[in-house]
Amino acid sequence: MTKKIIVSITGIIVLFLLINPTFRLESIHLNEHIDKKLIGVEKVSDKNNGLLNERELEENIASKNVYLLRLDQNKVLYQKQPQKEISIASLTKIMTTLVAIEQLDEIHEPVTVSSEMFSKLYEENLSVAGFLPNESVRAIDLLYGVMLPSGADAALALAQHLAGSEDNFVKLMNDKAKTLNMNHTSFSNVTGNDQAKHYSTAEDIAILLKEALQNPTFKEIFTSERHSTASTNLRTEGITMHSTMFQMMSDQTIDSSIQVYGGKTGYTSQAGLCLASYAIINNVEYILITAGAHGSNKTPPYHIMDAILVYESLL
């Protein structure tokens, strides 16, 4: 009796589907829509490291602009307003440093820190590495001064030494941006101070960092936690500089399988908290840009916390 009932029900279902073919098509299309949504909106597949849950990131991430790139495949794994033109604060100094390295004849050549630029530093309240007026410094020490403590004094000294003025050096930066097809980027200064016509995007900064990491000198500087300068004409002992990113990360908890090898932080009131970082997870290299997080140098480092959140979502 039970078997007859089951057979009868099965027959009714088959008959219904034969009479209503559109029901089957709609069901198939609905399933395809759901699958596409899961793949294209909520999750991005990474064969090496599993899945990124974009919805979860959206709910927890503080940065307004994010761009995660897997380098070996040149594959974007996560992005949030990647092409919106934004203030980028001291992420600017990635370009400043790269262009300076490419313009230098010898990275240990002496550079005199002009006393004239210090009024600009004070007036604009720019961060400094600690170099002195009229100090003769090795170019390599200035390069570290730009990247690690985000020294505007070092950036301006290199610009004046290599191009005669900040404006002339900025032209070289914009030329480099065009060469790299950074189509939504414009530089007005070498320090990252908020100015009209000084902007970029998370995607463009990722393009820049990818290029810069191919330069051995840049990569060595970018991945250093500290650097001590040589003695100069004005001091017998050098100064020791520390990476702002590594200092901020020292108070954070991060999975041991994630190796963040380098990064450049940035902050202005207009740009918010910004970070361009480079990490290796399970032998795979990643570049991550997190920008536009609300906060300041006196709040928790939301740009660092966002980076950790995104990197850990790869595990």
For the OG atom of Ser136 and the CG atom of Asn233, what is their distance to the nearest 0.5 Å? 5.5 Å

Is any side-chain heavy atom of Thr229 closer than 4.5 Å to one of Val137? no

Between Ser188 and Lys197, the two heavy atoms sitting closest are OG-O, 2.9 Å

So Met173 and Thr92, do their side chains get closer than 4.5 Å, heavy atoms only? yes

Minimal non-hydrogen separation, Leu209 against Ser277, with atom names: CD2-O, 3.9 Å

Thr244 and Pro149: which non-hydrogen atoms are nearest, and at how many Å? CG2-CA, 4.1 Å

Under the 3.5 angstrom rule, does the side chain of Thr223 hit a backbone N or O of Tyr261 as a donor-acceptor pair? no

Above 12 or not: heavy atoms from other molecules or residues under 6.0 Å from NE2 of His294? no

When every non-hydrogen atom of Ala293 is compared with those of Asp306, the smallest separation belongs to CB-OD2, 4.4 Å

I'd like a table of donor-acceptor pairs (distance under 3.5 Å, sequence neighbours excluded) in which one partner is a side-chain atom from residues 295-303, with atom names and distances.
{"unit_1": "Ser296", "atom_1": "OG", "unit_2": "Lys298", "atom_2": "N", "d": "3.1"}
{"unit_1": "Thr299", "atom_1": "OG1", "unit_2": "Ser296", "atom_2": "N", "d": "2.9"}
{"unit_1": "Thr299", "atom_1": "OG1", "unit_2": "Ser296", "atom_2": "O", "d": "3.0"}

Set out, in order, the CA-CA distance, both residues' side-chain angles and the distance that settles side-chain contact (heavy atoms from CB on, under 4.5 Å) for Gln103 and Leu172, then state yes or no. CA-CA 9 Å; Gln103 292 295 314; Leu172 298 175; 3.9 Å; yes

Pick out which of Ile289, Leu314, Ile287 makes a side-chain contact (heavy atoms from CB on, under 4.5 Å) with Leu68. Leu314

Glu203: salt bridge (charged side-chain N to carboxylate O under 4.0 Å, His left out) partners, not counting sequence neighbours: none

For Gln160, does its backbone N or O pair with a side-chain atom of Ser165 as donor and acceptor, under 3.5 Å? no

With sequence neighbours left out, the residues meeting salt bridge (charged side-chain N to carboxylate O under 4.0 Å, His left out) with Arg235 are Glu135

In the hydrophobic clustering (ILVMFWY, side-chain contacts below 4.5 Å, transitive), which residues join Leu132, or is it alone? Leu234

Would you please name every residue forming a salt bridge (charged side-chain N to carboxylate O under 4.0 Å, His left out) with Glu102, sequence neighbours left out? Lys176

Looking at Glu166 and Lys120, is there a salt bridge between them, counting it only when a charged N and a carboxylate O are closer than 4.0 Å? yes

Calculate, to the nearest 0.5 Å, the distance between atoms CD1 and CD1 belonging to Ile304 and Ile308 respectively. 7.0 Å

Any residue meeting salt bridge (charged side-chain N to carboxylate O under 4.0 Å, His left out) with Asp153, in chain and number order, not counting sequence neighbours: none

Without swapping roles, check the side chain of Ser224 against the backbone of Arg226 for a donor-acceptor pair under 3.5 Å. no

Is the backbone of Val284 close enough, under 3.5 Å, to the side chain of Asn282 for a donor and an acceptor to pair up by distance? no

Assess whether atom CD of Glu106 is packed by more than 12 heavy atoms of other residues, nucleotides or ligands within 6.0 Å. yes

To check you understand the geometry: which heavy-atom pair defines the closest contact between Gly292 and Lys64, and what is its length? O-CG, 3.3 Å

